[in-house]
2 protein chains.
Amino acid sequence: MRSPTELGELFRSTGRKNTAQRQCIFELLHGSTAHPTAEAIFAEARAKMPSISLRTVYQTLNDLASLGEIQQLDLGTGSFRFDPNIDSHHHLVCIECGSAQDIYAAFPEVQVPPAVAGDFELTSTEVVFRGRCASCRRP
Amino acid sequence: MRSPTELGELFRSTGRKNTAQRQCIFELLHGSTAHPTAEAIFAEARAKMPSISLRTVYQTLNDLASLGEIQQLDLGTGSFRFDPNIDSHHHLVCIECGSAQDIYAAFPEVQVPPAVAGDFELTSTEVVFRGRCASCRRP
DNA sequence: TTGTCAACTAGCAATACTTGTTGATAAGGT
DNA sequence: ACCTTATCAACAAGTATTGCTAGTTGACAA
């Protein structure tokens, strides 16, 4: 995703407002690689801005996602995770703690077999690797 | 998964009971390829056995899943889907109606890149193709 | 068959995550 | 500075699933 400043411009130019709460969220997401949940972002934001509400966090994340600046991922961990990395990539997910790691490998061989493809209009291909991460293996 | 009769035996031999409700659910699942949700199974079961409760459906599905007779899939459609096909396979999911189709292709090339693999203990690899199915494309 | 007991069922309550609603507030263009 | 309108915060509601409990039923053995 773009820098907090650029996102502020983008919000303004799409008729949205660039509020302090939103800037706070932009900053938290910028450069983050941890795939945080809405709750995690809320907790961090609240540390800097105690009055912010969870609703505002969800709203801003949804706006960012619909502008294509972040990805909303459902990795089967019970809640959405938000990824500021919008390049095409895949994920390695811990089945114990739910943490996710980006995988940049491209898998060009992964295609819908012609026999099944039929009239299906393909929009995305996701690969999810599941298992236990290093820190969950030695507790 | 096995036949309803075999599943009845299996349930008894694992200290569970083979009730009429369970047999009803076994029969609905047997040979099904539609990846139904719990609600969908509940609706079908209720047509045959009006007193059955949603709770019982969930319980039986969870039992079947923990016995390894069905797969509980989270394909990002908002609710779990249950698949009597327990061979290793992947899925083609419609982002509009949520329907899922099995894909039997193996993708041996799909592996965690060594640089990332580290201490990660891999347990499964899922490929999900998303898009719009034939019937959702012409409404 | 019948007795016994653990497991099951139905119905409802509760949970977790996310979105809807609303009066008050504040941003931003003019 | 003003006015319009999006946004804020708090609360309520929605969706999918699981927890709880009193009464019921299946399985096994005598």
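Computed over heavy atoms, backbone and side chain alike; hydrogens, waters and symmetry mates excluded. In what follows, chains carry the letters A, B, and so on, assigned in the order in which the sequence lines appear, proteins first and then strands, with residues in each chain numbered from 1.
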Check: A:Thr14/A:Arg16 side-chain N/O donor and acceptor closer than 3.5 Å: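 Judged by distance alone, the side chains do pair up.
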
Side-chain donor-acceptor pair under 3.5 Å between B:Gln23 and B:Asn18, yes or no?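 Yes, a side-chain donor-acceptor pair sits under 3.5 Å.
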
Donor-acceptor check, side chain of [X] to backbone of [Y], threshold 3.5 angstrom: yes or no?
X	Y	result
A:Arg137	B:Asp119	yes
A:Glu69	A:Arg2	yes
A:His30	A:Leu28	no
B:Thr123	A:Arg130	yes

Has [X] got a side-chain N or O lying under 4.0 Å from the OP1 or OP2 atom of [N]?
X	N	value
B:Arg22	C:dC8	yes
A:Tyr58	C:dT19	no
B:Ser53	C:dG11	no
B:Ser79	D:dT15	no

Which part of the nucleic acid does B:Thr37 contact within heavy-atom distance under 4.0 Å: base, sugar-phosphate only, or nothing? nothing

Rounded to the Å, how far apart are [X] [atom1] and [N] [atom2]?
X	N	atom1	atom2	answer
B:Ile25	C:dC8	CD1	P	12 Å
A:Asp63	C:dT19	CG	P	11 Å
A:Leu61	C:dC17	CG	P	15 Å
A:Gln21	C:dA24	CD	P	19 Å
A:Leu54	C:dA16	CG	C1'	12 Å
A:Arg46	D:dA10	CZ	C1'	11 Å
A:Gln59	C:dT21	CD	C1'	11 Å
B:Arg55	C:dG11	CZ	P	14 Å

Return the polar atom pairs (N/O with N/O) between nucleotides 27-30 of chain C and the protein under 3.5 Å, or none.
| unit_1 | atom_1 | unit_2 | atom_2 | d |
| --- | --- | --- | --- | --- |
| C:dA27 | N3 | A:Lys17 | NZ | 2.9 |
| C:dG28 | OP1 | A:Asn18 | N | 3.3 |

Hey, are A:Arg22 and A:Asp63 close enough for a salt bridge, meaning a charged N less than 4.0 Å from a carboxylate O? yes

Give the ring-plane orientation class for A:His91 versus A:His35, where under 30° counts as parallel, over 60° as perpendicular and anything between as tilted. perpendicular

May I have the step-by-step check of ring pair (Phe, Tyr, Trp, His ring centres under 6.0 Å) for B:Phe120 and A:Phe129, ending in yes or no? CA-CA 10 Å; B:Phe120 201 91; A:Phe129 298 98; 8.7 Å; no

Dump every N/O contact between nucleotides 12-14 of chain D and the protein below 3.5 Å, one line per pair.
none

Using the closest heavy atom to pick a nucleotide of DNA chain D for each, name whichever of B:Gln72 or A:Ile52 lands nearer the 5' end. A:Ile52

Decide yes or no on ring pair (Phe, Tyr, Trp, His ring centres under 6.0 Å) for B:Tyr104 and B:His90, but give the supporting numbers first. CA-CA 6 Å; B:Tyr104 286 100; B:His90 302 286; 9.8 Å; no

Nearest to the side chain of B:Ala38, heavy atoms from C-beta on, is which of D:dT18, D:dT17, C:dT18?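 Of the candidates, D:dT17 comes closest.
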
